[in-house]
Number of protein chains: 2
Amino acid sequence: MQIGELARSTGVKIETIRYYEREHLLPLPQRTEGNYRLYSPRHVEQLRFIRYCRSLDMSLEEVRILIGVLDTPSGSCLTVNALLDEKIAEVDARVNELHKLQDQLRQLRGFCQQPDEVKTCGILMELNRSAGIDKAQI
Amino acid sequence: MQIGELARSTGVKIETIRYYEREHLLPLPQRTEGNYRLYSPRHVEQLRFIRYCRSLDMSLEEVRILIGVLDTPSGSCLTVNALLDEKIAEVDARVNELHKLQDQLRQLRGFCQQPDEVKTCGILMELNRSAGIDKAQI
DNA sequence: CCTTGACCCTGAAGCCACTTCAGGCTTTTC
DNA sequence: GAAAAGCCTGAAGTGGCTTCAGGGTCAAGG
């Protein structure tokens, strides 16, 4: 299976596949006589694993760790549990931040209901005001 | 006011201030004979404005747009309203994504309550399984 | 007068996870 | 035999900074 087919069957761009190879996240594939990459089902599996982890917001470094763990089947999975706990905490924190951000943005939006002149636009006035007192608040 | 004082009084790193200057987000400051940057209260104000916008998750490009709008006080603020509406939609979308992510991560975490051997770890098994059927699901 | 230390300067490179680009080779199809 | 589709490499670009190397400036103390 050539790189194009791998790309189509996983939905991952060709350039990204080559990038993962450079980053040692995918094992080196065989090559044809014409120097084209040749992939095995094993590669498909590992690429899907990487993408699924990425869809769970893991960094490539974290994926690298997981792949390392998978490669020593008799070891313990403590690392995996810790990694996941940390990730959960990160996402929770980010959600809380974004909730606050939503409030602020909606409040700000309320300051200008219809298009105004710049100099009297409530949003811009509020942005300037908040920037000014920002330090005092914190 | 030299760059160090500006940094202290706004909580922005010196290197970041110089970076904003390179990016034309801050006007060029005067210089002393010894080539030190000299800032005015106007610079303090604008730097605070930038940081406040950044704290609202705006990109530097968006901040650049807002600064441009502010510099033409007699224009309309339609751009500002549109920008903010878009930003609100983005944040809402991101929050929804993260909520789904939270569910997935917590469910995954449930697959391995106590440290296991790698080959029987529920998390790793589930990661592999989900990666495999991922495409079929979508 | 000289040195120490705090402060400042520039330009370049590093970070992450890719994406894009330039320039060229291989294989298939007409 | 020529065009089109597919593949190759290495380098540079993205955003929003941060870090680094290698200097120059300035006030205070000995």
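So you know, we letter chains A, B, ... as the sequences are listed, proteins then strands, and number each from 1. None of the values given here were measured: they were computed from a predicted structure. The figures that follow rest on heavy atoms only: side chains count, while hydrogens, waters and symmetry mates do not.
Using a cut-off of 4.0 Å between Lys/Arg side-chain N and Asp/Glu carboxylate O, A:Glu15 and A:Lys13 are scored as not salt-bridged. With respect to the salt-bridge test (charged N to carboxylate O, under 4.0 angstrom), the residues A:Arg42 and A:Glu45 do not qualify.
Heavy-atom nearest nucleotides on DNA chain D were determined for B:Arg18 and for B:Arg64, and the one closer to the 5' end corresponds to B:Arg64. With the nearest nucleotide of DNA chain C identified for both A:Thr16 and B:Ile14, B:Ile14 has the one nearer the 5' end. Both A:Glu33 and A:Glu15 lie close to DNA chain C; mapped to their nearest nucleotides by heavy-atom distance, the more 5′-ward contact belongs to A:Glu15.
Judged by distance alone, with hydrogens and angles left aside, the side-chain atoms of A:Arg109 form a donor-acceptor pair with the main-chain N or O of A:Cys112 at under 3.5 Å. B:Gln46 places a side-chain N or O within 3.5 Å of a backbone atom of B:Leu25 that can act as its donor or acceptor partner. Side-chain atoms of A:Arg64 come within 3.5 Å of backbone N or O of A:Glu23 as a donor-acceptor pair.
Scanning both residues, B:Asn81 and A:Gln113, for their nearest heavy atoms gives ND2-O, 4.5 Å.
For B:Asn35 and D:dG23, the CG to P distance is 17 Å, given to the nearest whole Å. One atom, CG of B:Leu47, and another, C1' of D:dG16, lie 14 Å apart when rounded to the nearest Å. Summarising the geometry, the separation between OH on A:Tyr36 and C1' on D:dT9 is reported as 13 Å, rounded to the nearest angstrom. In this entry the distance linking CG of A:Leu6 with C1' of D:dC7 reads 14 Å, nearest Å. The distance from atom CZ of A:Arg31 to atom C1' of D:dG6 is 14 Å, rounded to the nearest whole Å.
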Requested in this report: Determine, step by step, whether A:Leu127 and B:Tyr52 satisfy the side chain to side chain contact (heavy atoms under 4.5 Å, CB included) criterion, reporting the C-alpha distance in whole Å, the side-chain angles of both residues, the deciding distance to 0.1 Å, and the verdict.
Outcome: CA-CA 8 Å; A:Leu127 272 172; B:Tyr52 185 62; 3.7 Å; yes
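Checking the phosphate oxygens (OP1, OP2) of D:dT19, a side-chain nitrogen or oxygen of B:Lys13 falls inside 4.0 Å. Side-chain N/O atoms of B:Tyr20 include one lying less than 4.0 angstrom from OP1 or OP2 on D:dC17. A sub-4.0 Å separation between OP1 or OP2 of D:dG6 and a side-chain N or O of A:Gln2 is absent.
In this structure, the separation between NE2 on A:His43 and CG on A:Leu6 is 8.5 Å, given to the nearest 0.5 Å.
The residue A:Arg54 sits close only to the backbone: its heavy atoms come under 4.0 Å of sugar-phosphate atoms, none of a base. As judged by a 4.0 angstrom heavy-atom cut-off over every strand, B:Glu23 is placed among residues making no nucleic acid contact.
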For nucleotides 12-15 of chain D, print each protein N/O atom paired with a nucleotide N/O atom at under 3.5 Å, atom names and distance only.
none

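With a cutoff of under 4.0 Å to any heavy atom of chain A, the contacted region of DNA chain C is bounded 5' to 3' by C:dA17 to C:dT27.
Residues A:Gln102 and B:Ile88 have side chains not in contact (no heavy-atom distance under 4.5 Å, counting atoms from C-beta outward).
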